[in-house]
Peer 1: 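Following this message is one structure expressed as structure tokens.
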Number of protein chains: 2
Amino acid sequence: MGAMRRPTMTDVAREVGVTAKTVSRVLNDGPVAVETRERVLAAVRKLGYQPNLMARNMRVGARDAAIGLVIPEMGNPFFGTVAGGVESAVRARGLTLIVGSSDEAAGLEQSLIATFLARRVSALMVVPAASSDHRHLRSERVAGLPIVFLDRPSAGLRADCVVSANREGSRTGVAHLIVHGHRRIGFVGDVPASLYTRRERLQGYRDALDGAGLPYDRALVETGHDVEAAARATMRLLSLADPPTALFAGNNLASMGAVVALSRAGRKDVAVVGFDDLPLAEALDPPLTVVAQDPAAVGAAAAEMVLRRLDGDRSRARRTTVPTRLIARGSGELPPR
Amino acid sequence: MGAMRRPTMTDVAREVGVTAKTVSRVLNDGPVAVETRERVLAAVRKLGYQPNLMARNMRVGARDAAIGLVIPEMGNPFFGTVAGGVESAVRARGLTLIVGSSDEAAGLEQSLIATFLARRVSALMVVPAASSDHRHLRSERVAGLPIVFLDRPSAGLRADCVVSANREGSRTGVAHLIVHGHRRIGFVGDVPASLYTRRERLQGYRDALDGAGLPYDRALVETGHDVEAAARATMRLLSLADPPTALFAGNNLASMGAVVALSRAGRKDVAVVGFDDLPLAEALDPPLTVVAQDPAAVGAAAAEMVLRRLDGDRSRARRTTVPTRLIARGSGELPPR
DNA sequence: CCGACATATGTCAACGTTGACATCCGCTGT
DNA sequence: ACAGCGGATGTCAACGTTGACATATGTCGG
């Protein structure tokens, strides 16, 4: 018994002695005699028949009951949680979510989007890669395909988008450090500098400094995309001639890097506030104060938006902002020095 | 200009004044006059034509150039990293990975697999949900569809599978605690108790006890699937009449739970070894000793296996074990009491 | 007992693409 | 001049499914 062809409707039909159309009707709840229906179903089970969704979708011209989501990295729990939020919302409607990772590269993102489109997904959700451009999606939008961007807005395309309150959240976090007496506050941010979230959060940092009449010192702004790079960035800040007494970390990896670096350096006196919560934040010494995002809520909000669009909502593109929340645990309340 | 139909090959052909077949040839590098090719490509760009993969795949009868991966949870960085490992390996071959989450439910897993099959993926990779059964996939296997299981073996199906060295790794981790003088060691494990990784790791724990002639005390085995549940499990262990002096945590969430609980209880004297590394392990106080898995390697190994099968390898189903590595950082070397 | 009508099933074509094969053209060599 | 050839393009059918429409069979009222 070699590798055999997957059975088709016609095979099932032949087995029962009817036409493919009758099988089709059985499977689509059309009008079929009870007895026939049962024989067809029996044959379906016997042959292990599974309808070919591709052929079906092609015929009915419908889009696929799947929604494509593109995220920059699979391994980063932030995006994983976002995807989880999207999935539960989407699943509740009987739709399937298929996820792919762009590896933060515009080229991969575009080809991933192309394969999703070629698969005729019924909607597209995208966390844009750092330097991507979405002009190429204009024709899709015109053709009525719902497209929603998450965490970062689109470039070159008016479209729905759901983001965290980056600037406001950062301002609050940095202001918190200022209230506790800090005047030199380092910023450990994501890379590249052009990244939307990084720009917004840096802007919030500057807002807070401005609000307190403190100067903006470029020497206090460092960068690193992964944990180790962020740790090195932190070390550079600490070894400045006039080092910061507090750090603001611009995302989860930067927070980890800062925490790791301080721990290696044995510095428990440096105040830290991180953007985005960490699962072990409370177990650190001192426990980490954070500006918590709600990644699952970002995903869920974006999914709701997509579902509304699928239901025919044709209103203007809207930007939704998911609030952040300051959670004071200790590291952000340390006094200077 | 309303929502318009997506252009087909025929539309492009009409635009240029040739047949659809010629357009097809241009797009598939068939023999076409240079000048014709250029005019066709121009029309393709002008109309924003994108080939319909569904129709194409149906015609050529080929399976889709996509591989389906089912994981139990999107938000858990362990599975995210596994998926990342799979994706880089698969992408290197020009294949697309589509990921879905079963939410650790056998029913969802099965329907997710069904939608992948209906989309004619060319291979299936599955991290089985806790209590799933894969007999229903037998016909697919016979039909030559590569199926590889990750992290946990399949139930009711002989198939390739890639797992971590769970039992051996746990044995090593627990033996490490024993070497440092501990005789009462708590086990904080995953739930349900029937979960493969949980069983294997518990078995490794018992192996180590046996090896040292220590008794197995069921009161020392506690359980919790998420961080908070694991923290409560840890508290229960600590409040026993004859509490453990060390803890072995059976996965990343259990480790976090244990760490959080100890931190809340202000107990820095309890030794801990966790299965699976955590990004902040070294920044904890004391730094966390772990039996590190290599989730990306698990994903990569499974992907290699799938690619071999796709290349026609018809040899017997094989089980690959990815080794673990003990990383002593401090928490596992604390003395009893 | 006939026409109207409902129910069960069949026939055919079409969805967008490509494989198999046919045709058309211009060029070569003799 | 013409067979022979190779390159460019066209024609047709088929992939598996379902919509539109046709046909067969039975049921009922008058």
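Sequence lines set the chain letters: A, B, ... in the order given, protein chains first and strands last, and positions in each chain run from 1.
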Peer 1: Any N or O donor-acceptor pair linking the side chain of R25(A) to the base of dG10(C) at under 3.5 Å?
Peer 2: yes
Peer 1: Of all heavy-atom pairs between A43(B) and V16(B), which one has the smallest distance, and what is that distance?
Peer 2: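 Between these two residues, the closest heavy atoms are CB-CG2, 3.5 Å.
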Peer 1: Counting only side-chain N and O atoms of T36(A), is one of them less than 4.0 Å from OP1 or OP2 of dT9(C)?
Peer 2: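 Result: yes.
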Peer 1: To the nearest angstrom, how far is M58(A) atom CE from dA14(C) atom C1'?
Peer 2: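 Rounded to whole Å, this separation is 9 Å.
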Peer 1: Tell me which nucleotide among dT17(D), dT9(C), dT18(C) gets nearest to the side chain of Y49(A).
Peer 2: dT17(D)
Peer 1: Calculate the interatomic distance between R14(A) atom CZ and dG16(D) atom C1'; express it in whole Å.
Peer 2: 13 Å
Peer 1: Quick check against the 3.5 Å criterion: does T22(B) have a side-chain atom that pairs as donor or acceptor with the backbone of V18(B)?
Peer 2: no
Peer 1: Would you tell me if any nitrogen or oxygen in the side chain of S24(A) comes within less than 4.0 Å of OP1 or OP2 on dT17(D)?
Peer 2: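 Looking at the OP1 and OP2 atoms of dT17(D), neither is under 4.0 Å from any side-chain N or O of S24(A).
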Peer 1: Answer yes when R318(A) and D313(A) have at least one side-chain N-carboxylate O distance shorter than 4.0 Å, and no when they do not.
Peer 2: yes
Peer 1: Base of dT17(C), side chain of R56(B) - is there a donor-acceptor contact under 3.5 Å?
Peer 2: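 Such a pair does not exist between side chain and base.
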Peer 1: For L27(B) and dT18(C), give me the distance from atom CG to atom C1', rounded to whole Å.
Peer 2: 12 Å
Peer 1: Verify, without hydrogens or angle tests, whether S122(A) (side chain) and A66(A) (backbone) share a donor-acceptor contact under 3.5 angstrom.
Peer 2: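 Yes, because the side chain of S122(A) sits within donor-acceptor range (under 3.5 Å) of the backbone of A66(A).
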Peer 1: With a 4.0 Å cutoff (strictly under), does any side-chain N or O of N28(A) reach OP1 or OP2 of dT18(D)?
Peer 2: yes
Peer 1: Taking the nucleotide of DNA chain C with the closest heavy atom to each, which residue, P51(B) or A20(A), is nearer the 5' end?
Peer 2: A20(A)
Peer 1: With hydrogens left out and only the distance checked, is there a donor-acceptor pair under 3.5 Å joining R59(B)'s side chain and the base of dT18(C)?
Peer 2: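 When only heavy-atom distances are counted, R59(B) does reach the base of dT18(C) through a donor-acceptor pair under 3.5 Å.
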Peer 1: Take the protein atom CE of M9(B) and the nucleotide atom C1' of dT18(C), then report the distance between them rounded to whole Å.
Peer 2: 8 Å
Peer 1: The side chain of T22(B) is closest to which nucleotide in this list: dT9(D), dT9(C), dG16(C)?
Peer 2: dT9(D)
Peer 1: Roughly how many Å is it from CD in Q50(B) to C1' in dG16(C), rounded to a whole number?
Peer 2: 14 Å
Peer 1: Which nucleotide in the list dT11(C), dA8(C), dT17(D) gets nearest to the side chain of K21(A)?
Peer 2: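 Closest of the options to the side chain of K21(A): dT11(C).
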Peer 1: Measuring from the side chain of V18(B) (C-beta onward, heavy atoms only), which nucleotide among dT18(C), dG10(D), dT9(C) has the closest atom?
Peer 2: dG10(D)
Peer 1: Picking from dG19(C), dT9(D), dG16(D), which would you name as closest to the side chain of T8(A)?
Peer 2: dG16(D)
Peer 1: In whole angstrom, give the distance that lies between atom CZ of R6(B) and atom P of dT17(C).
Peer 2: 10 Å
Peer 1: Measuring to OP1 and OP2 of dT17(C), would you say a side-chain N or O of T10(B) lies under 4.0 angstrom away?
Peer 2: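 No, no such contact exists.
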Peer 1: Go nucleotide by nucleotide along DNA chain C from the 5' end; which of N52(B) and R37(A) gets its closest nucleotide reached first?
Peer 2: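 That would be R37(A).
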Peer 1: Whole angstroms only, please: what is the CG-P distance between D29(B) and dT9(D)?
Peer 2: 15 Å
Peer 1: Which of these nucleotides, dT9(D), dT18(D), dT9(C), is closest to any side-chain atom of V32(A)?
Peer 2: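 Looking only at heavy atoms from C-beta outward on V32(A), the closest nucleotide is dT9(C).
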Peer 1: When you measure from the side chain of N52(B) to the backbone of M54(B), do you find a donor-acceptor pair of N or O atoms at a distance under 3.5 Å?
Peer 2: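 Side chain of N52(B) to backbone of M54(B): a pair is present.
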Peer 1: Across the strands shown, which category fits T19(B) at heavy-atom distances under 4.0 angstrom: base, sugar-phosphate, nothing?
Peer 2: base
Peer 1: CG of L53(A) versus P of dG16(C): gap in Å, rounded?
Peer 2: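 Result: 18 Å.
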Peer 1: For the pair D311(B) and R93(B), find out whether any cationic side-chain nitrogen is under 4.0 Å from an anionic carboxylate oxygen.
Peer 2: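 The answer is yes: the pair qualifies as a salt bridge.
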